[in-house]
Amino acid sequence: MTYRLWWTVGYVCTTEKEFKAAKHRLLPAAYEALDDALRRANQVFRAGGVAWLIEGDDKTRLDRRAIESTLAKRSTELAVQPVGR
């Protein structure tokens, strides 16, 4: 299974409309598990970026609002833990 995450940091896209217009030029990051894509989305959010969309081969589709809602509930669980702890 592959999950693709589209995200931006900075002023590349500031609105949903701008993201949709630029999506074809952005390269998504690919992950084998949905939790890995959400974990990266959490990192993006913490860095001040926007996770716009997660799409999976299994027809999963999380837009910005769904990603933010999921992260609000699971951000502690999805936080990256330092190696060796």
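Source: prediction; values computed, not measured.
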message: With rounding to the nearest 0.5 angstrom, report the CZ to CG distance, Arg39 to Leu5.
response: 13.0 Å
Set of residues satisfying salt bridge (Lys or Arg N to Asp or Glu O under 4.0 Å) with respect to Arg61, sequence neighbours excluded: Glu55
query: Partners of Asp63 by salt bridge (Lys or Arg N to Asp or Glu O under 4.0 Å), sequence neighbours excluded?
result: none
Side chains of residues 25-34: which donor-acceptor pairs under 3.5 Å do they make with residues two or more places apart or in other chains?
none

- prompt: For Trp7, which residues count as a ring-ring contact (aromatic ring centres under 6.0 Å, His included) partner, sequence neighbours excluded?
  reply: none
- request: Without swapping roles, check the side chain of Asp57 against the backbone of Thr2 for a donor-acceptor pair under 3.5 Å.
  value: yes
Please list, one pair per line, the donor and acceptor atoms closer than 3.5 Å that link side chains of residues 40-49 to other protein atoms, with sequence neighbours excluded.
unit_1 : atom_1 : unit_2 : atom_2 : d
Arg40  : NH1    : Gln43  : OE1    : 3.3
Asn42  : ND2    : Ser75  : O      : 3.4

query: Glu16: what forms a salt bridge (Lys or Arg N to Asp or Glu O under 4.0 Å) with it, not counting sequence neighbours?
result: none
Derivation and outcome, side-chain contact (heavy atoms from CB on, under 4.5 Å), residues Leu53 and Phe19: CA-CA 10 Å; Leu53 180 65; Phe19 166 69; 4.1 Å; yes
- prompt: Quick one: are Thr8 and Trp52 in side-chain contact, heavy atoms under 4.5 Å?
  reply: yes
query: Do other residues, nucleotides or ligands put more than 12 heavy atoms under 6.0 Å from Lys20 NZ?
result: no
message: Holding to side-chain hydrogen bond (donor to acceptor under 3.5 Å, both in side chains), I want the full list of residues that pass it with Thr60, two or more places apart in sequence or in another chain.
response: Asp58
message: For Leu78 versus Asp35, what's the shortest heavy-atom pair and its separation?
response: CD2-O, 3.8 Å
message: Under the rule for side chain to side chain contact (heavy atoms under 4.5 Å, CB included), what residues qualify as partners of Thr76, not counting sequence neighbours?
response: none
- line: In terms of heavy-atom contacts, Ile67 and Ala51 come closest through CD1-O, 3.7 Å
- prompt: Partners of Thr70 by side-chain hydrogen bond (donor to acceptor under 3.5 Å, both in side chains), sequence neighbours excluded?
  reply: none
